[in-house]
Number of protein chains: 2
Amino acid sequence: MFTLAEENYLKAIFHLENDCGTGVTTNAIADKMDTRASSVTDMIQKLADKKVISYQKYKGASLTKKGKSIAVNIIRKHRLWEVFLVEKLDFQWDEVHEIAEQLEHIKSNELIQKLDSFLGHPDFDPHGDPIPDTNGYIKPTEKKLLSKLKKNQQGICVGVKESSAKFLQYLDTRKIGIGSSIKVIDKEDFDQSMTIQVSNKQFFITKQISENLYLKTI
Amino acid sequence: MFTLAEENYLKAIFHLENDCGTGVTTNAIADKMDTRASSVTDMIQKLADKKVISYQKYKGASLTKKGKSIAVNIIRKHRLWEVFLVEKLDFQWDEVHEIAEQLEHIKSNELIQKLDSFLGHPDFDPHGDPIPDTNGYIKPTEKKLLSKLKKNQQGICVGVKESSAKFLQYLDTRKIGIGSSIKVIDKEDFDQSMTIQVSNKQFFITKQISENLYLKTI
DNA sequence: TTTAAAATTTAGACAAGACTAAAAAATAAA
DNA sequence: TTTATTTTTTAGTCTTGTCTAAATTTTAAA
Ligand SMILES: [Mn+2]
Ligand SMILES: [Mn+2]
Ligand SMILES: [Mn+2]
Ligand SMILES: [Mn+2]
């Protein structure tokens, strides 16, 4: 069995490894977990002892098969709970992450299996992130950052990269959500800012926004 | 904010104080929490510092108003989650307690308020225990232990005193549940064993059973 | 009212997880 | 290829919550 702290480290390492492809550094983990490098070293040594990561001194860490499976299961729980909170309890998409951070550590396979059924086996969470299946399989989805699109290209918003409450609330004020149709009206070469159209309204966004919105191009 | 361990102590003290009326002893807590008396002493000193219990050395502990309110809130959460598990996720009444022990520590007032609405503001949990309202008020219910009934008296089962999985499963095999109509057919003076009738079937139960079933007499 | 037993508290230790400060290793700069 | 900088690890400390063993207090028995 794994402690809450261990589970959080595994999840963080999974996300870092997923984003950057490679094995992850001590500092990267410390940064993500908002803790000190020395604490990370302690923990990754413990996780290596438990065979959930492979690790050599000074060389960073990467999840073993077992570690990945634990991490993915936590992510599955996190996302299912987020669906529950939004679909059943009428939370907004910017309100659920913190609560799901707690709920993801509840230990009961039966619970998750039943929750999944109750929700109708959803494929995506409220932020457009895919929900791993029971075997930990994550269906690969083709999605592109809005920032990669050129003038006149368009697509449907299928997810957000950052999912902080502040960013999600910003999107709400612009009426952008999962499913929104977005078209690039103009793109400034100098700073990558854009004018976009969302359901017949046009407005201006910075690179910081376009780099955090995933579209499925059409 | 209170830690998981602190919350569990407060809950245990509440239940002990509720059952026995009086302030509770170190040993009683140790027994209930399945821990050592010395650990309990440490914790009740900390809880006394935090003003959630009143305590003098060697004299036992009892909850302050603040402590009681925290304990009741945890119990409210526990019971609401149990309702959720049974009503929405189709768990059996003997399967929910352990999971609720985890869920009761999730911190979010908004969550509990929304869960309560979602469940339709239930008054009782699956074991017949009353669910405290938002203000911590627990509606007093008149219920009597089956063991107190005399021959030929009858009532409706409204709760269980013990709620271990084993006991609940025993009740299942006898088709006894919340709402069952139970009549005392015969009562043995010597050992308090009974013959009871539950929906036209008669059978024999020991004192251990009758002391753990609450009835509303009719 | 002494003495014995039981209950409770203290003292000291340990594991988990964090931190700071210092040492060691790896990288980058000169 | 030395030197300087950054990254990572180690050493030592702290807090929370637990434990055992010993001391103290309370309660029960003689
Ligand atoms: Mn989330
Ligand atoms: Mn999400
Ligand atoms: Mn319960
Ligand atoms: Mn219950």
Separation of [N] [atom2] from [X] [atom1] (nearest whole Å):
X       : N      : atom1 : atom2 : answer
B:Arg36 : C:dG12 : CZ    : C1'   : 17 Å
A:Met1  : C:dA16 : CE    : C1'   : 17 Å
B:Gln45 : D:dT16 : CD    : C1'   : 15 Å
B:Asp42 : D:dT20 : CG    : C1'   : 13 Å
A:Leu47 : C:dA16 : CG    : C1'   : 12 Å
A:Glu6  : C:dA18 : CD    : P     : 10 Å
B:Leu4  : D:dT15 : CG    : C1'   : 16 Å
A:Asp49 : C:dA15 : CG    : P     : 14 Å

Check: B:Thr41 side chain, C:dT10 base, donor-acceptor under 3.5 Å: no

Base D:dT8 to side chain A:Ser38, donor-acceptor N/O within 3.5 Å cut-off: no

For residues 50-59 of chain A, please give each side-chain donor-acceptor pair under 3.5 Å, one per line with the distance, not counting sequence neighbours.
| unit_1 | atom_1 | unit_2 | atom_2 | d |
| --- | --- | --- | --- | --- |
| A:Lys50 | NZ | A:Glu6 | OE1 | 3.3 |
| A:Lys50 | NZ | A:Glu6 | OE2 | 2.9 |
| A:Ser54 | OG | A:Ser62 | O | 3.3 |

By side chain to side chain donor-acceptor pair (under 3.5 Å), which residues pair with [X], not counting sequence neighbours?
X        : value
B:Lys148 : none
A:Gln113 : none
A:Lys68  : none
A:His121 : A:Asp116

Would you be so kind as to tabulate the donor-acceptor pairs closer than 3.5 Å made by side chains of residues 22-32 of chain A, with sequence neighbours excluded?
| unit_1 | atom_1 | unit_2 | atom_2 | d |
| --- | --- | --- | --- | --- |
| A:Thr25 | OG1 | A:Ala28 | N | 3.1 |

In [range], which residues come under 4.0 Å of DNA chain D by heavy atom?
range                     : answer
residues 25-35 of chain A : A:Thr25, A:Thr26, A:Asn27
residues 57-64 of chain A : A:Lys57, A:Tyr58
residues 8-20 of chain A  : none

Minimum-distance nucleotide to B:Thr3 side chain [options: D:dT16, D:dC19, C:dA18]: D:dT16

Heavy-atom closest pair, residues B:Lys187 and B:Leu149: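 Closest heavy-atom pair between B:Lys187 and B:Leu149: NZ-O, 2.9 Å.
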
Polar contact flag, side-chain donor to acceptor under 3.5 angstrom, B:Glu162-B:Ser164: yes

Sugar-phosphate, base or nothing in reach of B:Ala5, heavy atoms under 4.0 Å: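 Sugar-phosphate contact only - B:Ala5 comes under 4.0 Å of backbone atoms but never of a base.
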
Qualifying ring pair (Phe, Tyr, Trp, His ring centres under 6.0 Å) pairs, either residue in residues 73-116 of chain B, two or more places apart: A:Phe84-B:Phe84, B:His78-B:His97, B:Trp81-B:Phe84

B:Lys88: partners by salt bridge (charged side-chain N to carboxylate O under 4.0 Å, His left out), with sequence neighbours left out: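 By the salt bridge (charged side-chain N to carboxylate O under 4.0 Å, His left out) rule, B:Lys88 matches no residue at all.
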
Residue met sooner reading DNA chain C from 5', once A:Met43 and B:Tyr55 are mapped to nucleotides: B:Tyr55

Could you pull out every donor-acceptor pair under 3.5 Å between side chains of residues 130-144 of chain A and any protein atom, sequence neighbours left out?
| unit_1 | atom_1 | unit_2 | atom_2 | d |
| --- | --- | --- | --- | --- |
| A:Asp133 | OD1 | A:Asn135 | N | 2.8 |
| A:Asp133 | OD1 | A:Gly136 | N | 3.1 |
| A:Asp133 | OD1 | A:Tyr137 | N | 2.9 |

Charged N-O contact under 4.0 Å between A:Lys11 and A:Glu101: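 Yes, A:Lys11 and A:Glu101 are salt-bridged.
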
